[in-house]
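Worksheet for the structure shown next.
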Amino acid sequence: MGTRIGVGLLGLGTVGCGVAGILQTPEGRHPLVAELELVRVAIRDLQRPRPIALPESVLTNDPQAVVDDPAVQVVVEVMGGIEPARTLIMRAIAAGKAVVTANKAVIARHGEEIAAAAAAAGVYVLIEAAVGGGIPIIEPLKQSLGGNQIERVTGIINGTTNYILSRMAQEGVAYDVVLKEAQDLGYAEADPAADVEGLDAADKIAILSGLAFGGPIDRASIPTQGINNLQSRDVEYAKQLGYAVKLLAVAERLNSDVRTSPSLPLSVRVQPTLIPLEHPLAGVNDVNNAILVEGDPIGRVMFYGPGAGAGPTASAVVADILNIAGIRQLGEVNGNVDPLLAASSWRSCHLVESSDIRHRNYVRFNVVDSPGVIGLIGSCFGERGVSIQSIIQVDASEAGAEIVVITHEINQGQMQDALTAIASMPEIKRLAAHLSCL
Ligand code: HSE
C-alpha cells in the first residue's frame, strides 16, 4: 500500500461521472488507481437524482468546500464555464493543491495566469482532457515530442461539427437539418454556438499552439470561422472535386530565424477547409477527432480517437491524476516540479495578420450565364497574381450559373483584393462561398 491521494471533484456531469466511475472500479487498472480516494464532490443540486451512486457524506453543493477540504490533495475541475471555475482553480493553487481540469475555455483565456500561479506555488495544473477528449495530445506535445521543432499542428478538434460535416457529406443533408438531428440525439448541445461557430475549436488550438510552440498566444486574436454558414452544395462540390470539408484548427510557424527573432510569428486559425481525400485527416469522420503534428525531425504523427464523451474524457482526466499521484508517491515536495510536465512557456509568440497567411482557396461565384465570364474571372485573378488550379462551371440554369475556382497557394491579402475586384463586376451576382483549401 502506498500513500492514498485525496481527490476532490468539482462537477458531476458527464465527465465527472466518468471520473467517479473509474475511481470506483480500480480492479484491473494500474494499482495506483486504487490509491486515489474520492473524498469530496461538488454538485449543483443536492436534491437532483444522480446518475452514479456516491456516499452522501462526500457530496456538497459548495465547490469552495471541496477546494478547501484538507483531505483533498488533487482538485479535479470538470464543471466547465469560465467562472467560478477559474477562481476555484486559482484558489486550489494558492492552497498548494494540484489541479486537473478539462476546461478548455478557462485554460485558453487564463492559462498564462494559471501557469504563473502554479509555477509560483510549485504545483501542477494538468489539462490532458481539455483538448481531444480521450486522445493523448497534451502530454505528447509536452513530453514525447519535446525533442522536435514543431512546424504545424492541424486538428479536427470539435466532434459536434465533425459529425455534422460527415453527415452532410455522406447524405447530402443541409446543415440545419443535421444540426437538429444531432441535438435530438444528444451529440450537439441545446446551444450549439460554441461548437458550430468554431469557438470551441479556437479554445483548443490556442492551447495546442501554446504547447507546440512554447509561448502563449492571445485567444481573442484567433481568426475563427465556423460551419454555421456552410452550404451543403459546397460540401457536394468539394466531394465531386476530390475533397472532404472539415472544420480545421491550424497552428503553424511562419518562416523566421528563431535565433534572431524575439517573438515567433505564427498563424493560428479555425476555418472550414477542403482537404484532399487522400490526406490522413480527410477520413476522420463522425464525432471522432484527430490531430496531425508535423515537426523536425519526426515528420508527421497523427493522433486519432474519440474527442468527447464521458469515458474518453474521464480516461484523460484520470491519467493526469495518476501522473500527480505517481509524483507524490515519490515524495516530491511542493516547489520542485518537473519542467516538462509543468510545461511553462519558454518563448514569446505572436499572430501575424490574416492577410499575410498563405493557403489554397475554394471559391464559388453566382454569375450571369453569359459568354466569357470564366475568362473575366480568370483574368481578374491573374492580374492580381492569383494562380488558378482549376475552374469549372458547375451548374447553369435560367437563373444563372455557378462557377467554382480552386486557387494555388496565395497570400490572403492578394486573394481578398482579387475577390473584391471580381465581386464588383456586373457579370458576377455574388461571391457565394470562400473556403480554405489544404
Ligand atoms: N463540444 C465538444 C465537441 C466536446 O463537440 O467536440 C467537448 O470539448
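Computed from a prediction, not measured in an experiment: that's the story for all the values here. All ligand and atom numbering here is 1-based and tracks the order in the structure.
Summarising the local packing, CZ of Arg358 is surrounded by more than 12 heavy atoms from other residues, nucleotides or ligands at distances under 6.0 Å.
Between the side chains of Asn285 and Lys246, at least one donor-acceptor pair of N or O atoms lies under 3.5 Å. Judged by distance alone, the side chains of Tyr237 and Glu402 do bring a donor and an acceptor atom under 3.5 Å apart. With hydrogens and angles left out, the side-chain atoms of Ser267 and Arg269 include a donor and acceptor closer than 3.5 Å.
Inter-residue side-chain proximity for Leu438 and Arg360 is flagged as unmet; no heavy-atom pair is nearer than 4.5 Å.
The proximity of Asp195 to ligand 1, defined as any non-hydrogen pair under 4.0 Å, is limited to the side chain. When non-hydrogen atoms are compared, ligand 1 lies under 4.0 Å from neither the backbone nor the side chain of Thr313.
Near Asn158, meaning under 4.0 Å from one of its heavy atoms, ligand 1 places the atoms 2 (C), 3 (C), 5 (O), 6 (O). Listed by number with element, the atoms of ligand 1 under 4.0 Å from a non-hydrogen atom of Asp200 are 2 (C), 8 (O).
In terms of protein heavy-atom proximity, atom 4 (C) of ligand 1 is closest to Ala308 CB, 3.7 Å. Here the heavy atom of the protein found nearest to atom 5 (O) of ligand 1 is Thr160 OG1, 2.6 Å.
Here's the thing with Gly159: one of its N/O atoms is less than 3.5 angstrom from an N/O atom of ligand 1. Between Lys104 and ligand 1, at least one pair of N/O atoms sits closer than 3.5 Å.
Judged by distance alone, the side chain of Gln64 and the main-chain N or O of Val67 form no donor-acceptor pair under 3.5 Å.
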